[in-house]
Undergrad: 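Pasting a structure here, questions to come.
All residue numbers in this chain count up from 1 along the given sequence.
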Amino acid sequence: MPLDRRQLLALAAAAPLAVAGCGGSNSALAAAPATPTASPVPFPSQPLAAGSAVADLRFGIAATPATFPGYDPAGDAKALIVAGTPSPAPTAVPGTLSTGSYATNQRYVVRVPSNWNGKLIVAGTPAFRSEFANDAIWSDYALSLGYAFASSNKGVPFNAIAEAITASPDPNNAYVIPFDLAALETAGFSYRLGAVSPTRTNMASWNSDFATLTASAQAFLLKNFGKAPTRTYAVGLSNGGAQVRSLLEQHPELVDGGVEWSAVYWSVASNILTYLPKFLSAMQAYTASNFTDATSAAAIRAAGFPADVLQAVAAHPSLWFEYYAGAASFYADLTVFAYGLILDPAVTSTVSGKCVPDTTNAARAPGVCPATGFGLPANRASYVPSPSSAANIAAIAHTGNIGKPLVGIAGSLDMFITPANNFTTYRNAVNAAGKGSLYSQYLVTRGTHVDTFAPLGYTLQPQLPFAWAAFAQLVSIVESGYGSPAKGTQLVANTPADIPNK
């Protein structure tokens, strides 16, 4: 998910600003002694700063770097958790904090609690967010159990900057808002994305950075704490989950297992650029019909989407709509724009000004944009990846050939990284690779891609407690030989207790 849904009203202001993006079971942690990770690690590591002692490592308490346009550490983390969710670490966690960079545009954070249990959790990072994006959902959880924790920004210099298109230094690579939610289109706002401007991201480097982060954090622990971690686990949400999959496929020697949460699936034949344009194409007619048009609804379901969820709430009438034009991130449209530019050399965009709102339904229909190529909403809705995109997508494609245990969760009502296109497809790939015994899947009833949508209604439930339950199961699989009932298949989880660990 490229951006968050916070600061929606603030985005309509004239000044440019940055746009950010109950405890689990501990029972599996008292496990049999582990075999220490070999040292040195079999992947080249980078030296990390020694760090400094802090009184409390927890999110919201430990100091973070100063914000700058497109970079908001606290906002990135808050965008991924339901407001008011209590920290799984109820008391202060003293320890060592290390931040820094080992490559151009790369930034990392490593935390080691004073009561370190000798193990490490490395977190992949969703979308274009910062190294602090996982602080609320994963870091406090890891620290509460005594784990060291590490995360990276994948080398993406900043998330996104909201600014008037007339103020953009790179308008041809800016996403000009085409929906008049909160008058953003009328005001001529655009998003300048760090993954696209000033240079387009090489997504294959996201996976190599995750491996480097893992090896570097292991070497950091060995150098500064006298021993390599006895266990290393990888966790990740969305494209962070895609990183976990790739790590277990490409460098399983670095980790003991992983947890993926609403992970993105990449293959040349099936990916977000093959199904999201179909969603965009059908949504204009669907919204124009006040969410009643059966033909467009059928087209969206045929593209692999769960059935829409409607409710009698004027501001939030349709869960499909939330991912189309109902939230300031404009998830589906912005994602096609960004990843099309990143992955397809044939995609170009030119923009000469702001979009003009649609006269029939400005908040629900894309306006008229003075642009060509991918700057036009209609071209994003009709997009088909060109043959020249195949090499870039193949470089990040998942094979299913995982080398360590993996536990996955996904929401049954994820209207963005849909289960049919990203979860079931990956299970099929793992089984085809003969690794089904290493993979357990749980489809979370009424979960959607972003937990912060849960307070909007739609009978949604947050997936965070399920992610923590999945981690507890992973630890039990690795350290106690637990036989997951979901290995090689997909089970339904109505509550976190449906993801057992003993």
Side-chain angles (χ1 to χ4, degrees), residues 1-6 19 21 79-82 124-129 133 137 159-160 175 179 181 191 193 195 236-242 260-266 270-283 286-287 291 297 299-309 316 318-340 342 380-381 383 408-426 443-454 456-458 460-464 466-467:
M1 54 194 168
L3 303 171
D4 69 38
R5 43 191 336 281
R6 297 175 183 275
V19 181
L80 302 178
I81 195 167
V82 175
T125 299
F128 311 144
R129 299 186 185 276
I137 59 174
N159 187 352
Y175 174 80
F179 303 100
L181 177 65
Y191 291 137
L193 306 169
L237 165 64
S238 194
N239 250 323
E260 51 158 55
W261 171 5
S262 299
V264 179
Y265 176 65
W266 289 102
S270 177
N271 58 72
I272 55 178
L273 291 176
T274 62
Y275 71 85
L276 282 180
K278 298 174 183 176
F279 174 77
L280 298 177
S281 178
M283 276 301 291
Y286 184 65
T287 55
F291 316 111
I300 294 170
R301 291 195 301 271
F305 285 74
D308 195 13
V309 181
H316 303 287
S318 154
L319 190 53
W320 280 352
F321 182 67
E322 301 290 354
Y323 288 97
Y324 179 60
S329 294
F330 311 108
Y331 284 88
D333 191 46
L334 177 54
T335 295
V336 173
F337 174 82
Y339 287 94
I342 290 170
R380 300 192 289 269
Y383 173 69
I409 66 166
S412 69
L413 294 179
D414 191 334
M415 306 303 189
F416 181 45
I417 306 304
T418 60
N421 290 308
N422 296 275
F423 203 45
T424 302
T425 45
Y426 189 61
L443 188 66
V444 177
T445 303
R446 309 200 76 78
T448 193
H449 191 69
V450 186
D451 273 3
T452 46
F453 277 72
L456 303 182
Y458 304 111
L460 298 172
Q461 63 171 330
Q463 293 190 74
L464 181 58
F466 295 83

Undergrad: Taking the six-membered ring for Trp, are Tyr339 and Trp266 parallel (under 30°), tilted (30 to 60°) or perpendicular (over 60°)?
TA: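 If you compare the ring of Tyr339 with that of Trp266, the planes turn out tilted.
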Undergrad: Are Val450 and Phe416 side-chain neighbours, meaning at least one heavy-atom pair lies under 4.5 Å?
TA: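 No; the side chains remain at least 4.5 Å from each other.
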Undergrad: Nearest 0.5 Å, please: how far is CZ in Phe305 from CG in Leu276?
TA: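 Interatomic distance, Leu276 CG to Phe305 CZ, rounded to 0.5 Å: 5.0 Å.
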Undergrad: For the atom pair CG (Leu334) and OG (Ser329), what is the distance rounded to the nearest 0.5 Å?
TA: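 The CG atom of Leu334 sits 7.0 Å away from the OG atom of Ser329.
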Undergrad: Hey, does Gln461 have a side-chain heavy atom less than 4.5 Å from the side chain of Phe466?
TA: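 Contact flag for Phe466/Gln461 side chains = yes.
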Undergrad: At what distance, to the nearest 0.5 angstrom, does OG1 of Thr335 lie from CZ of Phe279?
TA: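 Result: 10.5 Å between the selected atoms.
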Undergrad: Please report the closest heavy-atom contact between Ala133 and Thr125, naming both atoms and the distance.
TA: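 In this case the closest contact between Ala133 and Thr125 is CB-CG2, 4.2 Å.
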Undergrad: Less than 6.0 angstrom separating the ring centers of Phe453 and Tyr458, yes or no?
TA: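 No, ring centres 6.0 Å or more apart.
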Undergrad: Using 30° and 60° as the class limits, which term best fits the ring planes of Tyr191 and Phe330: parallel, tilted or perpendicular?
TA: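 Tyr191 vs Phe330 ring planes: tilted.
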Undergrad: Under a 4.5 Å cut-off applied to non-hydrogen side-chain atoms, are Leu460 and Val309 in contact?
TA: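 A side-chain contact is absent here, since even the closest heavy-atom pair is not under 4.5 Å.
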Undergrad: Looking at every heavy atom in both Leu280 and Ala332, which two are closest together, and how far apart are they?
TA: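 Shortest heavy-atom separation between Leu280 and Ala332 comes out as CD2-CB, 3.8 Å.
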Undergrad: Checking side-chain polar atoms at under 3.5 Å, does Ser318 have a donor or acceptor matched by the opposite partner on Tyr286?
TA: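 Side chains of Ser318 and Tyr286: no pair found under 3.5 Å.
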Undergrad: If we only count heavy atoms from C-beta on, is the Leu464 to Trp261 side-chain gap below 4.5 Å?
TA: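 They are in contact (side-chain heavy atoms under 4.5 Å apart), so the answer is yes.
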Undergrad: With sequence neighbours left out, what residues match Pro277 under side-chain contact (heavy atoms from CB on, under 4.5 Å)?
TA: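 Pro277: side-chain contact (heavy atoms from CB on, under 4.5 Å) contacts with Val336, Tyr383.
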Undergrad: Ser262 versus Leu237: any side-chain heavy-atom pair under 4.5 Å?
TA: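 Yes - at least one pair of side-chain heavy atoms lies under 4.5 Å apart.
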Undergrad: List the atom of Leu181, the atom of Ala327, and the distance in Å for their closest heavy-atom pair.
TA: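 Minimum heavy-atom contact is CD2-C, 3.6 Å.
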Undergrad: Measure the CG-CD1 distance between Asn421 and Ile272 for me, rounded to the nearest 0.5 Å.
TA: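 If I round to the nearest 0.5 Å, the distance is 10.5 Å.
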Undergrad: Does anything in residues 328-338 form a salt bridge (Lys or Arg N to Asp or Glu O under 4.0 Å)? List the pairs, not counting sequence neighbours.
TA: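 Counting only pairs at least two positions apart or across chains, the salt bridge (Lys or Arg N to Asp or Glu O under 4.0 Å) contacts touching residues 328-338 are Asp333-Arg380.
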Undergrad: With rounding to the nearest 0.5 angstrom, report the CG to CZ distance, Leu319 to Phe291.
TA: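 The distance works out to 11.0 Å.
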Undergrad: With sequence neighbours left out, write down each residue that passes ring pair (Phe, Tyr, Trp, His ring centres under 6.0 Å) with Tyr175, or none if nothing qualifies.
TA: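 Result, ring pair (Phe, Tyr, Trp, His ring centres under 6.0 Å) vs Tyr175: Phe337.
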Undergrad: What's the shortest heavy-atom distance between Ser412 and Arg446, and which atoms?
TA: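 Result for this residue pair: OG-N, 2.8 Å.
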Undergrad: Is the closest side-chain donor-acceptor distance between Glu260 and Tyr426 under 3.5 Å?
TA: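 The answer is no; no qualifying pair exists.
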Undergrad: If I compare all heavy atoms of Ser238 with all of Pro126, which pair ends up nearest, and what's the gap?
TA: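 So the two residues come closest at CB-CB, 4.0 Å.
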Undergrad: Check whether any side-chain heavy atom of Phe128 lies under 4.5 Å from a side-chain heavy atom of Ile342, and answer yes or no.
TA: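 With C-beta onward as the side chain, the pair touches.
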Undergrad: Would you find a donor on one side and an acceptor on the other, under 3.5 Å apart, between the side chain of Asn422 and the backbone of Tyr265?
TA: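 Flag set: sc Asn422 to bb Tyr265 pair under 3.5 Å.
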Undergrad: At their closest point, which heavy atom of Leu80 faces which heavy atom of Ile137, and how far apart are they?
TA: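 Heavy atoms only, the tightest pair is O-CG2, 3.4 Å.
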Undergrad: Look up atom NE2 in His449 and atom CG in Asp451, then write down how far apart they are to the nearest 0.5 Å.
TA: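 Answer rounded to 0.5 Å: 10.0 Å.
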